[in-house]
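The structure displayed is predicted, hence computed values, not measured ones. In what follows, chains carry the letters A, B, and so on, assigned in the order in which the sequence lines appear, proteins first and then strands, with residues in each chain numbered from 1.
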There are 4 protein chains.
Amino acid sequence: MSSDSTSAPAGRRRRDAGATKQALLEAAQARFAQVGYESTTLRDVAADVGVNLALIKRYFGSKEGLFKAALAASPRLMNDVPAGRASLAEALSRQLATDSWPEFDKHPVLMLLRASGDEQVTALRREALEGAAQRILDALGTGSSPADRSADGLLRAELLVALGVGVAVLRSAVGLEPLASVSAEELAGPIQGIVDGLMA
Amino acid sequence: MSSDSTSAPAGRRRRDAGATKQALLEAAQARFAQVGYESTTLRDVAADVGVNLALIKRYFGSKEGLFKAALAASPRLMNDVPAGRASLAEALSRQLATDSWPEFDKHPVLMLLRASGDEQVTALRREALEGAAQRILDALGTGSSPADRSADGLLRAELLVALGVGVAVLRSAVGLEPLASVSAEELAGPIQGIVDGLMA
Amino acid sequence: MSSDSTSAPAGRRRRDAGATKQALLEAAQARFAQVGYESTTLRDVAADVGVNLALIKRYFGSKEGLFKAALAASPRLMNDVPAGRASLAEALSRQLATDSWPEFDKHPVLMLLRASGDEQVTALRREALEGAAQRILDALGTGSSPADRSADGLLRAELLVALGVGVAVLRSAVGLEPLASVSAEELAGPIQGIVDGLMA
Amino acid sequence: MSSDSTSAPAGRRRRDAGATKQALLEAAQARFAQVGYESTTLRDVAADVGVNLALIKRYFGSKEGLFKAALAASPRLMNDVPAGRASLAEALSRQLATDSWPEFDKHPVLMLLRASGDEQVTALRREALEGAAQRILDALGTGSSPADRSADGLLRAELLVALGVGVAVLRSAVGLEPLASVSAEELAGPIQGIVDGLMA
DNA sequence: TATGAATGAGAGTTCATTCAT
DNA sequence: GATGAATGAACTCTCATTCAT
């Protein structure tokens, strides 16, 4: 779908700063998610896009800068989740199965887990995950069950985030079967059970 | 001359190959779990123990070798879990709270997630996690509930493993509150709910 | 459109090639004198003036070219020195004190000492300093003292140049006190003694 | 005289840390004096000695560290100058002529003038030159002339240091003739005149 | 003419590893 | 068996420069 950018001369993308920057960003996201911060080399990222290494410095300042940009450009986790337990479980199942992430090792959540020591990165990471937890909590907030409103509602939401993080890791980094190749459909039942059990 | 036992780093450990090796292994486990494979330097590990860098080469062959040995020497996850949902939930809660791992960033599960390149490492990792899933399944297997015996029983067990992995990551690498500082006691309720919901 | 003169950097200098070139030259002189050839980046020079980096290439060809131009545009050392030992000593004192060079680290003699590689640069440098020595010799040449006309008169003049160079270096690069902050007045006596002693 | 080090196996110096370190130091001193801090590359220094680049890091930590070590290992300027104007002038002449420094472009004073931005380096530099000035002052201190004891005695001593610095620069970096190839003998007269005139 | 996207070469630094002693 | 000197390869980063527009 989004293979080629806006108005690029197809063959060799040349002299289009925006497109180059975007391509670098995507390549970086993939590399960071797949092999982590340290193992990702800027040479590889540049080579993926087919441009010179120095452009990364030009556009992102440094490796840290590229990482932060890649992190910031990641899609929001658990975005637009309709209210209600059923739709939450369904959204979780879908996002954790290969359906929405054919190349699962590039799942944005994986990048979140790769360290870089930097303080700002840690903050970005935390914000992203806190946001996901909050959105999960919101999706459950309309329910009448006492647990939804309880003091530890956020904790329960975070446990669902943890579940998602764990599934992503086990799928991609470990390849644990049958989890690694389960479909959204097959995942739906157990996830629904977890959500219900957690909020009972 | 003086043979020191494992847990007694008396004065200057001298000429006790076994103790030195064990100390190196523990130092390596801590470093790998805390900062990951790439960021761990052999010099640091050797310095932690106070021995020469070349000893690591001698004992473990290479950095990969040390990592594999550290992985293999990790405590088994979910070991000795009594049968029954309640005890399973309790065991999970305990292991995921700071209670059993005061220095949570050295939790063995964290080391499992580091470094991906080597094939043998991936295998070790998978075995460790498959074993945990199997033991969880066993702990539930004696129950009479239909889900325990269902075809996707293993999948459900793996979801619990995923939950554990995710919690460990969020606690240590991200420091997501309130999850990061929750006690085993506070964790028990929600975890129990999840186990019950999953197996309902 | 609006033609700005040399010393009036009004608003945004536009379309005045001469003024831009002159501004670049001055900025380059300052940078080269202050931090040396290698540490001066063309980006910095361009930024100082507020023009595009490529303009330097256009006007001066290369970094070497800019350096040569900056060197060639430097004010002549020991220019217009009236004849006689007293006026020579006075001229030396004045030029080596902060009086005439409030920003002493931009003193033109400092630029002369930077960068060595290029052959042409060495020639320019030598010419500038030979000229200064010659003018010093001329200023003394009208005197009746036998030393003025002696075969090593030039050598003696060069020793005065050396003194000047050394003072400039010690003032700016090293900050050697009390020399670094001495006034022209305080310098006058000792310098006069040196000139007299040298020519006695 | 000091071409080969202590007990080196002549052919290829191997496995002698002390000798290697010393050789690196000497090579660094030469390079720094000749082309300055920025233009000196660690690869060149290592190549001069015929060892691996990484050894410089091992022994000196960094380029800055190497520079500081080279500076600290430099011979003291104006060391062991006997008291009296005549011997001072003679010592100055000798040190500034090719006599004592056949390869004049490696003269230690040249290294002092090459910047590196570092604060500690500036301090080292200043100390070395202050020491030289002090020793010059001491050499003159026994005289009965009023100027020796005057408040600006140090300033006058520093002017002699400046003269030395300037001569060194003009000899090596600029090659100003006839100064550049003057003998100690030819230099003696003018220098003596300067010292006398300065202290009159 | 002037801009800025893109490049290539080389810098210091870091690390696992190897090799004499 | 154990030490530490020495190596090679790779990394990030920096800069002058070139090339389309």
Side-chain angles (χ1 to χ4, degrees), chain A residues 9 12-21 24 38-46 49-66, chain B residues 14-15 17 20 37-46 51-66, chain C residues 14-15 17 20 37-46 51-66, chain D residues 9 12-21 24 37-46 49-67:
Chain A
R12 262 256 161 272
R13 185 190 304 100
R14 306 202 82 170
R15 306 280 144 178
D16 184 342
T20 300
K21 196 171 173 181
L24 282 171
E38 335 279 346
S39 296
T40 295
T41 78
L42 298 186
R43 272 186 176 75
D44 286 344
V45 174
V49 179
V51 301
N52 189 278
L53 167 64
L55 277 188
I56 294 180
K57 193 231 167 173
R58 183 177 173 80
Y59 291 137
F60 303 101
S62 66
K63 190 182 186 180
E64 274 298 332
L66 177 61
Chain B
R14 286 192 146 236
R15 309 279 144 168
T20 299
Y37 182 80
E38 333 283 342
S39 295
T40 295
T41 76
L42 297 188
R43 270 186 178 75
D44 287 343
V45 175
V51 302
N52 188 278
L53 168 64
L55 273 188
I56 294 181
K57 184 85 203 306
R58 188 147 222 88
Y59 289 149
F60 305 101
S62 68
K63 192 181 188 182
E64 272 298 329
L66 177 62
Chain C
R14 287 191 147 237
R15 310 278 145 168
T20 299
Y37 182 80
E38 333 283 342
S39 296
T40 295
T41 76
L42 296 187
R43 270 186 177 74
D44 286 343
V45 174
V51 303
N52 188 278
L53 168 65
L55 272 187
I56 295 181
K57 184 85 203 307
R58 186 146 224 90
Y59 289 149
F60 304 101
S62 68
K63 192 181 186 181
E64 272 298 331
L66 176 62
Chain D
R12 262 255 161 269
R13 186 191 303 102
R14 306 203 81 173
R15 306 277 145 181
D16 185 342
T20 300
K21 196 171 173 181
L24 283 171
Y37 182 80
E38 336 278 346
S39 296
T40 295
T41 78
L42 298 188
R43 278 180 174 78
D44 286 344
V45 174
V49 178
V51 300
N52 189 277
L53 168 64
L55 278 188
I56 294 180
K57 193 232 166 171
R58 182 178 173 79
Y59 290 138
F60 303 101
S62 67
K63 189 181 187 181
E64 275 296 333
L66 178 61
F67 188 76

Got a second to check how far Tyr37(C)'s OH is from Glu38(D)'s CD, nearest 0.5 Å? 12.5 Å
Without decimals, in angstroms, what is the distance between [X] [atom1] and [N] [atom2]?
X        : N       : atom1 : atom2 : answer
Leu55(A) : dT7(E)  : CG    : P     : 6 Å
Tyr37(B) : dC15(E) : OH    : P     : 14 Å
Lys63(C) : dT17(F) : NZ    : P     : 8 Å
Phe60(D) : dT13(E) : CZ    : C1'   : 16 Å
Lys21(D) : dA6(F)  : NZ    : P     : 12 Å
Glu38(B) : dT14(E) : CD    : C1'   : 14 Å
Arg58(C) : dA2(E)  : CZ    : C1'   : 7 Å
Ile56(C) : dA2(E)  : CD1   : P     : 14 Å

Looking at every strand, decide which applies to Ser39(C) at a 4.0 Å heavy-atom threshold: base, sugar-phosphate, or nothing.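 It contacts nothing in the nucleic acid.
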Counting any heavy atom closer than 4.0 Å, what does Leu42(C) reach on the DNA or RNA strands: base, sugar-phosphate only, or nothing? sugar-phosphate
From dA2(F), dG4(E), dT7(F), pick the nucleotide closest to the side chain of Val51(D)? dT7(F)
Between dT17(E), dG8(F), dA2(F), which nucleotide has the shortest distance from any of its atoms to the side chain of Asn52(D)? dG8(F)
OP1 or OP2 of [N] under 4.0 Å from side-chain N/O of [X]:
X        : N       : value
Tyr59(B) : dG1(F)  : no
Thr20(A) : dA6(E)  : yes
Lys57(B) : dT18(E) : yes

What does the 5'-to-3' dot-bracket notation of DNA chain E look like when only Watson-Crick and G-U wobble pairs under 3.5 Å count, and pairs to other strands show as |? .||||||||||||||||||||
What donor-acceptor contacts under 3.5 angstrom involve side-chain atoms of residues 49-60 of chain D, with partners at least two apart or in another chain?
from	atom 1	to	atom 2	distance (Å)
Asn52(D)	OD1	Ala54(D)	N	2.8

Of the non-hydrogen atoms in Val45(A) and Leu24(A), which two are nearest, and what is the gap between them? CG1-O, 3.9 Å
Considering all heavy atoms, the nearest Thr40(D)-Lys63(D) contact: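 For Thr40(D) versus Lys63(D), the nearest heavy atoms are O-NZ, 2.8 Å.
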Taking for each residue the nucleotide of DNA chain E with the nearest heavy atom, is it Ala54(A) or Ala17(A) whose nucleotide lies nearer the 5' end?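 So the residue in question is Ala17(A).
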First encountered from the 5' end of DNA chain F, between Leu53(A) and Thr41(C):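 Looking at the nearest nucleotide for each, Leu53(A) comes out on the 5' side.
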Which residue lies toward the 5' end of DNA chain F, Gly61(C) or Gly61(A), if each is placed at its nearest nucleotide? Gly61(A)
Record whether the side chain of Arg43(D) comes under 3.5 Å of the base of dG12(E) through a donor-acceptor pair of N or O atoms. yes
